[in-house]
There are 2 protein chains.
Amino acid sequence: MQTVIPIANANANAAAAKSAKVNCTLCSFNRFCLPQGLADSDVARLDQIIARRRRLARDEQLFSMGASFGSLYAVRLGHFKTAQVNIHGEQQVTGFHMAGDLLGMDAIGSGLHNCSATALEDSEVCEIPFNRLQELAMQTPALMQQFHRVLGREIQREQAIMLFRGSMRADQRMALFLLNLGARYSARGYSAASYQLRMSREDIGGYLGLTIESVSRLLARFRKQGWIKLDNRDIRINDRDSLEALSTGREPGLDSATSAEACAA
Amino acid sequence: MQTVIPIANANANAAAAKSAKVNCTLCSFNRFCLPQGLADSDVARLDQIIARRRRLARDEQLFSMGASFGSLYAVRLGHFKTAQVNIHGEQQVTGFHMAGDLLGMDAIGSGLHNCSATALEDSEVCEIPFNRLQELAMQTPALMQQFHRVLGREIQREQAIMLFRGSMRADQRMALFLLNLGARYSARGYSAASYQLRMSREDIGGYLGLTIESVSRLLARFRKQGWIKLDNRDIRINDRDSLEALSTGREPGLDSATSAEACAA
DNA sequence: CGAGATCTTGATTTCAGTCAAAGCTGGTGG
DNA sequence: CCACCAGCTTTGACTGAAATCAAGATCTCG
């Protein structure tokens with residue numbers, strides 16, 4: 001009764017990737033990645049500068065906070081978290097990243113990584129040497145524009161995190177988080193309603209600005225209200241509307257078979 | 001008894017700027033801005049594409065959230081805030097910007113401004129058409145690298161905001177805010193200890209993730225403890241060490257003539 | 001000068017954190 | 001195969017930091 005979609009089943013897919021020619025042209029995630037919108041000839045040139053693939057086991061770091069910067073990394077397979085260590089020594093998670101996402105942009109400003117990137121499961125990245133990317137961008141207007149778009153989207157992504165962390169209640173943040181994860185899977189062709197949480201409760205807390213206990217309580221509440229089905233890290237969203245209503249500030253669940261009774265259950 | 005340094009006295013400086021030739025080469029803030037580190041010949045080329053100066057009166061918007069994007073803007077004179085409107089309709093301030101800072105980078109990703117920029121006093125910006133900047137960057141490696149550094153620093157700046165908003169207490173955030181503002185003035189040749197808050201208490205709250213009442217109380221507390229002298233929006237930092245100790249988590253003020261007695265005062 | 005905006009201060013409430021304990025789960029070795 | 005253990009997760013009781021509510025005070029500028 002495994003309802004979860006098999007995105008990035010590390011063992012199976014890693015084996016497949018091994019034999020396949022590794023380049024952007026053939027990569028099924030290229031439209032979420034740097035090659036998005038580029039002509040085939042430009043993608044072929046981008047292929048030339050991809051240094052190598054790199055595999056990481058679960059919990060292995062791709063780069064650490066303070067490490068010197070040389071390359072960007074595109075997630076090819078698996079999931080990563082990026083995190084900063086705060087003044088209490090806790091991990092403040094700045095993002096969860098899946099196939100097609102670009103990692104390392106935080107280091108372009110200073111040449112030093114501002115956060116660490118850790119594999120949440122066995123994963124694989126493409127390494128893009130930053131100098132060579134800049135050189136290629138000089139000769140490839142479309143690539144330069146796309147690279148700027150990607151950098152710009154990173155800025156927007158972080159602004160969005162600031163906004164929701166700063167102005168939403170804990171339950172709203174959690175609801176939005178679950179919906180957003182679903183939306184990202186959906187964009188990649190997977191189910192928006194049924195997926196596996198690749199990260200621990202602690203990581204979710206670190207991302208949402210909550211303690212692990214609050215995360216647990218909120219998920220339990222959503223489950224009791226019938227909005228989600230939760231089995232360890234497998235999640236199924238049963239009442240998207242209520243979650244959305246909650247996250248946008250309207251009081252949720254008045255039209256759906258939930259609220260009072262379900263609450264008492 | 002005005003101890004505050006006269007940075008960007010709008011009337012006087014605006015008049016001066018009017019007669020001066022407006023370009024990066026002669027701009028006294030160029031080393032904080034896009035021309036940083038560029039050869040004179042490259043700066044001259046950058047000068048060519050600066051579309052125009054634009055003046056804004058206090059409270060006037062340079063761009064609004066959702067507006068379509070065409071140009072970046074370098075602050076030449078005065079101060080700006082950038083802000084997003086959150087789900088409660090309140091302003092969530094994403095930054096305060098002074099001479100040399102670049103505005104509008106949040107829009108590169110989508111072509112739409114993700115936040116609004118509002119002048120905090122009579123101010124002046126240089127408009128840099130983004131298309132022309134990209135064209136020029138294609139021909140000027142140093143400019144491209146510098147532009148990428150600036151984008152990268154914006155990413156880091158936002159990560160830093162996330163980190164401190166997410167993991168510091170209200171008083172620590174306030175202390176850090178005051179010190180950071182001072183540091184930025186210091187870098188520009190002004191006093192780090194004595195300056196004018198260009199923004200309202202509400203804006204400070206919007207930036208730090210606090211209510212206006214909390215801002216007021218914290219400033220009152222710092223004043224009572226003798227760490228700052230506060231006269232409306234004029235501020236003088238009297239005990240940098242205690243503020244720094246507070247913001248870094250050590251208990252402050254044990255070595256300075258403050259704490260208990262001052263607290264009771 | 002006066003009215004509206006901005007800022008301060010006090011009393012009370014509340015949301016999420018902290019502390020504490022118990023239940024799961026999955027991996028390891030006997 | 002099962003017992004055990006460490007780490008992860010859940011749940012409950014209590015606490016505390018900052019928000020909210022409510023007056024006032026002060027400033028700004030027309």
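Because the structure is a prediction, the values reported are computed rather than measured. Letters A, B, ... mirror the listed sequences (proteins, then strands); counts begin at 1.
Following rounding to the nearest Å, B:Leu210 (CG) and D:dT20 (C1') show an atom-to-atom distance of 14 Å. B:Phe222 places its CZ atom 16 Å from the C1' atom of C:dT8, with the value rounded to the nearest Å. Computed from coordinates, the B:Met168 CE to D:dA17 P distance equals 16 Å when rounded to whole Å. The CD-P distance, from B:Gln91 to C:dT6, rounds to 12 Å in whole Å. Per the geometry, CG belonging to B:Asp231 stands 18 Å off P belonging to C:dT6, to the nearest Å. Following rounding to the nearest Å, A:Met199 (CE) and D:dT9 (C1') show an atom-to-atom distance of 16 Å. As a whole-Å value, the separation of B:Glu121 CD from D:dT28 C1' is 16 Å. Protein atom CD of A:Glu213 is 14 Å distant from nucleotide atom C1' of C:dC15, rounded to whole Å.
Between the side chains of A:Ser167 and B:His88, no donor-acceptor pair of N or O atoms lies under 3.5 Å.
Listed pair B:Arg233 / C:dC7 meets the phosphate criterion, a side-chain N or O lying under 4.0 Å from OP1 or OP2. Contact annotation: A:Thr211 does not reach the phosphate of C:dA16 (side-chain N/O to OP1 or OP2, under 4.0 Å). A:Arg201 has no side-chain polar atom (N or O) that falls below the 4.0 Å cut-off from OP1 or OP2 of D:dT11. One finds no side-chain N or O of A:Ser214 lying less than 4.0 angstrom from the OP1 or OP2 phosphate oxygen of C:dA16.
Between D:dC29, C:dT8, D:dA19, one nucleotide has an atom nearer to the side chain of B:Leu230 than all others, and that is C:dT8. Among C:dA16, D:dT11, D:dT9, the nucleotide with an atom closest to any side-chain atom of A:Ser200 is D:dT9. In this structure, of D:dT10, C:dT9, D:dA18, it is C:dT9 that holds the atom nearest to the side chain of B:Arg223. Of all nucleotides listed (D:dA18, D:dT11, C:dT8), C:dT8 comes nearest to the side chain of B:Ile212.
Annotation: cation-pi geometry not satisfied between A:Arg198 and A:Phe96 (NZ/CZ under 6.0 angstrom from ring centroid, within 45° of ring axis).
Map A:Asp171 and A:Asn232 each onto its nearest nucleotide of DNA chain C; the residue landing nearer the 5' end is A:Asp171.
Between atom CD of residue A:Glu202 and atom NZ of residue A:Lys81 there is a gap of 7.0 Å, rounded to the nearest 0.5 Å.
On a pure distance criterion of 3.5 Å, no polar donor-acceptor pair joins the side chain of A:Arg221 and the base of D:dT11. One cannot find a donor-acceptor pair under 3.5 Å joining the base of C:dG17 and the side-chain atoms of A:Arg217. For B:Glu202 against C:dC7, a side-chain-to-base donor-acceptor contact under 3.5 Å is absent. Interface remark: the B:Arg169 side chain does not form any donor-acceptor pair with the D:dG16 base, using a distance-only criterion of under 3.5 Å.
The distance between the ring centers of B:Tyr185 and B:His79 falls below 6.0 angstrom.
Electrostatic pairing of A:Glu124 and A:Arg53 counts as a salt bridge here, judged by a charged N lying under 4.0 Å from a carboxylate O.
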**OP:** Show the numbers, then the answer: is there a side-chain hydrogen bond (donor to acceptor under 3.5 Å, both in side chains) between A:Asn114 and B:Gln159?
**Re:** CA-CA 8 Å; A:Asn114 204 37; B:Gln159 284 197 350; 2.9 Å; yes
